Peer 1: 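Handing you a structure now.
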Protein chains: 4
Amino acid sequence: MDKRERIVSAAIEVFSEQGIEKTKISDIVKRAGIAQGTFYLYFPSKLSLMPAIAEVMVEKTLEIVQAKVSKSAPFPVRLDQLVDAIFEVSEEYHEMQALIYSGLASTEHLKKWETVYAPFYEWISESLEQAIEDEVIRDSVDPARTAKLVIGLVESAAEQIYLYDANKEDEAAVQKREVKQFLRFALSIHD
Amino acid sequence: MDKRERIVSAAIEVFSEQGIEKTKISDIVKRAGIAQGTFYLYFPSKLSLMPAIAEVMVEKTLEIVQAKVSKSAPFPVRLDQLVDAIFEVSEEYHEMQALIYSGLASTEHLKKWETVYAPFYEWISESLEQAIEDEVIRDSVDPARTAKLVIGLVESAAEQIYLYDANKEDEAAVQKREVKQFLRFALSIHD
Amino acid sequence: MDKRERIVSAAIEVFSEQGIEKTKISDIVKRAGIAQGTFYLYFPSKLSLMPAIAEVMVEKTLEIVQAKVSKSAPFPVRLDQLVDAIFEVSEEYHEMQALIYSGLASTEHLKKWETVYAPFYEWISESLEQAIEDEVIRDSVDPARTAKLVIGLVESAAEQIYLYDANKEDEAAVQKREVKQFLRFALSIHD
Amino acid sequence: MDKRERIVSAAIEVFSEQGIEKTKISDIVKRAGIAQGTFYLYFPSKLSLMPAIAEVMVEKTLEIVQAKVSKSAPFPVRLDQLVDAIFEVSEEYHEMQALIYSGLASTEHLKKWETVYAPFYEWISESLEQAIEDEVIRDSVDPARTAKLVIGLVESAAEQIYLYDANKEDEAAVQKREVKQFLRFALSIHD
DNA sequence: CATGAATGAGTTTTCATTCAT
DNA sequence: AATGAATGAAAACTCATTCAT
């Protein structure tokens with residue numbers, strides 16, 4: 001109902017469908033079912049939408065990840081669940097990820113992006129710290145830095161599947177298995 | 001001399017400098033030193049340049065990587081050199097990577113992108129096969145799939161530095177070290 | 001006030017003055033006193049104006065014809081008045097007729113053209129029916145079909161004068177007389 | 001083989017298919033299988049083609065008419081044959097007729113057009129003169145003027161069919177019959 | 001004569017932004 | 001706050017014409 005929200009989700013839809021470049025403000029307002037002028041009551045430009053969109057995306061990502069990864073499970077299981085979760089998010093939102101990426105890149109909103117993604121990195125980082133403390137992974141792991149590596153690895157692996165591959169279901173399963181193994185070795189998980 | 005080439009490299013230059021969105025065809029032709037109409041003899045639109053640019057970019061990447069990675073060195077050294085090379089490419093061309101990414105994403109040229117990246121994947125894949133044969137890495141590694149994981153991991157790690165970080169030099173050094181270690185474990189390198 | 005109307009009548013004016021080919025959208029909008037972009041709010045292209053112009057033209061034709069042909073006069077007089085009326089319209093709008101013709105021909109709007117001309121055909125057809133009933137013309141006349149023949153004949157006769165002839169005034173008078181006589185015989189008018 | 005001829009017939013084809021306005025010189029040369037520059041060796045512009053095209057058209061028309069109308073038959077039969085012939089020409093070349101019409105209208109080649117059509121008018125005119133002399137038609141007929149009326153009438157009748165009607169075959173037969181009768185009365189033919 | 005890539009002036013077309021309602 | 005028609009500056013695109021080969 002809220003106009004601002006309507007604009008943001010309309011933008012997510014049309015950006016995903018036709019790319020940022022090709023999307024006109026008029027496409028967004030048409031989808032949102034509001035008047036052309038109303039857009040400018042909430043956002044000064046097309047690109048100024050990106051932080052708002054990014055926020056929504058990270059929110060959704062965190063929701064899915066936190067729902068999928070069980071707090072009480074042992075770390076190796078949690079890691080597998082994380083991979084599954086990120087693949088799931090990628091499947092649903094892979095276009096958006098590229099969009100946010102390039103959308104933010106072409107603005108000066110990069111700082112914001114880091115901020116927006118921060119809770120996700122934080123959450124992984126804490127898991128890694130705990131795992132080091134519990135001696136389930138090698139103690140040479142730098143939690144903060146590795147959190148980003150893990151997310152980068154898994155996201156790029158997922159994108160490779162959902163952007164390019166034809167037989168996505170099967171491919172995704174194999175790719176997930178490979179990533180999980182890769183990670184297990186990378187972190188030196190001792191079961 | 002060749003007009004098409006002139007257009008593509010002019011486009012790489014101006015896209016890097018001002019982003020896709022802000023770049024006008026007239027900027028590209030001015031830089032290329034050709035007439036406006038000539039552009040349309042070779043490309044129907046700004047976005048249709050992206051596959052050609054991607055091709056050039058991958059070419060340059062491969063060149064740098066192959067120059068940096070010594071054929072005769074032992075695998076662990078080669079892996080470190082690969083990381084260094086990809087970080088170097090990212091440093092120089094990180095804007096372009098985001099651009100290609102979003103440029104391709106907003107067109108229907110994704111299929112082409114895979115093709116274009118293929119020689120790079122191939123090259124890494126062969127290195128991994130050799131390493132398995134030489135028993136320097138675990139034999140459970142799937143060469144083709146892992147090649148993509150490795151590239152994805154290193155590229156995303158590099159981007160994290162060059163897109164967002166302020167103190168790039170220092171950060172890059174630390175990040176590289178971290179990635180190298182991560183990879184060494186992930187592939188179970190036996191020195 | 002209505003912008004669409006302003007565009008159509010401006011187009012009729014400038015098309016008449018300089019031909020379709022030589023007319024730029026900018027000429028039309030200048031004449032209409034509106035902004036360039038406004039044109040595209042109503043028509044996607046120059047040629048897409050043609051059906052709208054045709055409609056206006058037929059309207060004007062009908063107006064002139066109905067003003068010139070007295071309802072109460074005997075049929076032979078009405079026929080002569082019709083000839084005069086069509087010659088008058090041709091004199092004023094002969095460029096437009098060729099333009100509409102070729103303008104419609106070069107689009108896919110031919111179907112529309114028939115629809116647009118329909119009220120004119122109808123009107124003549126009814127007159128002929130009445131004349132048959134009143135036994136002032138031969139009863140072998142097929143009203144609908146003959147309506148079109150009559151209009152076709154008179155229009156082509158008028159065009160011959162106004163398109164090609166130098167001494168139009170005199171020529172028109174002679175040509176009109178000839179057409180009237182031709183028609184009187186063709187319809188077997190019994191005075 | 002002759003390049004000039006190749007250009008003219010290619011132009012007839014593409015003009016018919018897409019209209020004069022939408023046709024580019026490049027379309028014509030492509031169809032003609034010659035180089036872009038070669039066009040300018042023969043014609044200075046697109047519209048300067050029109051007289052050459054008109055000439056070809058009238059040539060073809062006269063050929064068909066003279067083949068169809070038997071020299072020795074009585075006048076009423078010859079008149080019927082003329083109607084058939086013009087309908088036949090219209091069926092095959094109706095697009096061209098509109099094109100020549102508007103194409104010449106938009107140039108200063110109108111004088112030429114008259115000249116080009118002259119032999120056709122002449123031919124009909126002579127037939128009418130003979131018919132008057134033979135007392136098969138009313139002697140109030142002005143041969144030259146009526147020749148044009150007859151052609152105008154029959155051509156417009158034919159166009160109505162071939163431009164607009166769906167069921168062309170049947171419609172054409174009825175229309176022809178109507179025109180023949182119309183003409184017979186108009187000229188007061190005494191069998 | 002013939003070619004066809006290159007040209008760039010001339011047009012069309014777009015679309016973010018405004019503003020009277 | 002909301003609207004959406006109108007704007008016009010800016011950009012894309014076209015295509016007749018040229019000219020070196």
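Quick caveat: nothing in here was measured; it's all calculated off a predicted structure. So that the names make sense, note that chain A is the first sequence line, chain B the second, and so on, each numbered from 1.
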Peer 1: Can you tell me how far P of F/dA11 sits from CG of B/Leu47, to the nearest Å?
Peer 2: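 B/Leu47 atom CG is separated from F/dA11 atom P by 16 Å.
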
Peer 1: Of the nucleotides F/dA1, E/dA5, F/dA6, which has the atom closest to the B/Tyr42 side chain?
Peer 2: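 It is E/dA5.
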
Peer 1: Tell me which nucleotide, if any, is Watson-Crick or G-U wobble paired with E/dA6 when both distances must be under 3.5 Å.
Peer 2: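 Its partner is F/dT17.
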
Peer 1: Between E/dA2, F/dA2, E/dA6, which nucleotide gets closest to the side-chain atoms of D/Lys3?
Peer 2: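 Output: E/dA2.
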
Peer 1: So if I take residues 4-16 of chain B and measure heavy-atom distances to DNA chain F, which residues fall below 4.0 Å?
Peer 2: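 Here the set is empty: none.
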
Peer 1: To the nearest angstrom, how far is C/Glu21 atom CD from E/dT11 atom P?
Peer 2: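 Rounded to the whole Å, the gap is 12 Å.
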
Peer 1: Just how far is it from atom CD1 of C/Ile12 to atom CD1 of C/Ile28, taken to the nearest 0.5 Å?
Peer 2: 10.5 Å

Peer 1: From A/Thr38 OG1 over to A/Arg6 CZ, what is the distance, rounded to the nearest 0.5 angstrom?
Peer 2: 9.5 Å

Peer 1: Quick one: on DNA chain E, does B/Ala35 or D/Thr38 contact a more 5' nucleotide (nearest heavy atom)?
Peer 2: D/Thr38

Peer 1: Hey, could you give me each pair passing salt bridge (Lys or Arg N to Asp or Glu O under 4.0 Å) that has a residue in residues 47-56 of chain C? Not counting sequence neighbours.
Peer 2: none

Peer 1: Would you mind reading off the distance between B/Leu41 atom CG and F/dA16 atom P, rounded to a whole angstrom?
Peer 2: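 Checked: the CG to P distance equals 14 Å.
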
Peer 1: Within the structure provided, determine whether B/Phe43 and B/Arg4 are in side-chain contact (heavy-atom separation under 4.5 Å).
Peer 2: yes

Peer 1: I'd like to compare against my own output: the B/S/- annotation of nucleotides 16-21 of chain E with a strict under-4.0 Å heavy-atom distance to protein.
Peer 2: SBB---

Peer 1: Considering every strand shown, what is the Watson-Crick or G-U wobble mate of F/dA1 when both distances are under 3.5 Å?
Peer 2: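 No nucleotide pairs with F/dA1.
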
Peer 1: How many Å lie between CZ on D/Phe43 and P on F/dA16, as a whole number?
Peer 2: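 Those two atoms, CZ and P, are 15 Å apart.
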
Peer 1: I'd like to know if D/Glu17 and D/Arg31 make a salt bridge, using a cut-off of under 4.0 Å between side-chain N and carboxylate O.
Peer 2: yes

Peer 1: How many whole angstroms separate atom CD of C/Gln18 from atom C1' of E/dT11?
Peer 2: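 Whole-Å distance recorded here is 14 Å.
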
Peer 1: Please report, rounded to the nearest Å, how far the C1' atom of F/dA16 is from the NZ atom of D/Lys30.
Peer 2: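 Taking NZ of D/Lys30 and C1' of F/dA16, I get 14 Å after rounding.
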
Peer 1: Taking D/Glu21 first and then C/Lys46, would you say they form a salt bridge - that is, a charged N and a carboxylate O separated by under 4.0 Å?
Peer 2: yes

Peer 1: Tell me: CZ of C/Phe39 to C1' of E/dT11, nearest whole Å?
Peer 2: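 About 13 Å, once rounded to whole Å.
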
Peer 1: Rounded at 0.5 Å granularity, tell me how far NZ in D/Lys60 sits from OH in D/Tyr93.
Peer 2: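 One finds 3.5 Å between NZ of D/Lys60 and OH of D/Tyr93.
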
Peer 1: Tell me, do C/Lys3 and C/Leu41 make a side-chain contact under 4.5 Å, heavy atoms counted?
Peer 2: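 A side-chain contact under 4.5 Å is absent here.
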
Peer 1: What are the two closest heavy atoms between B/Thr23 and B/Val14, and how far apart are they?
Peer 2: OG1-O, 3.6 Å

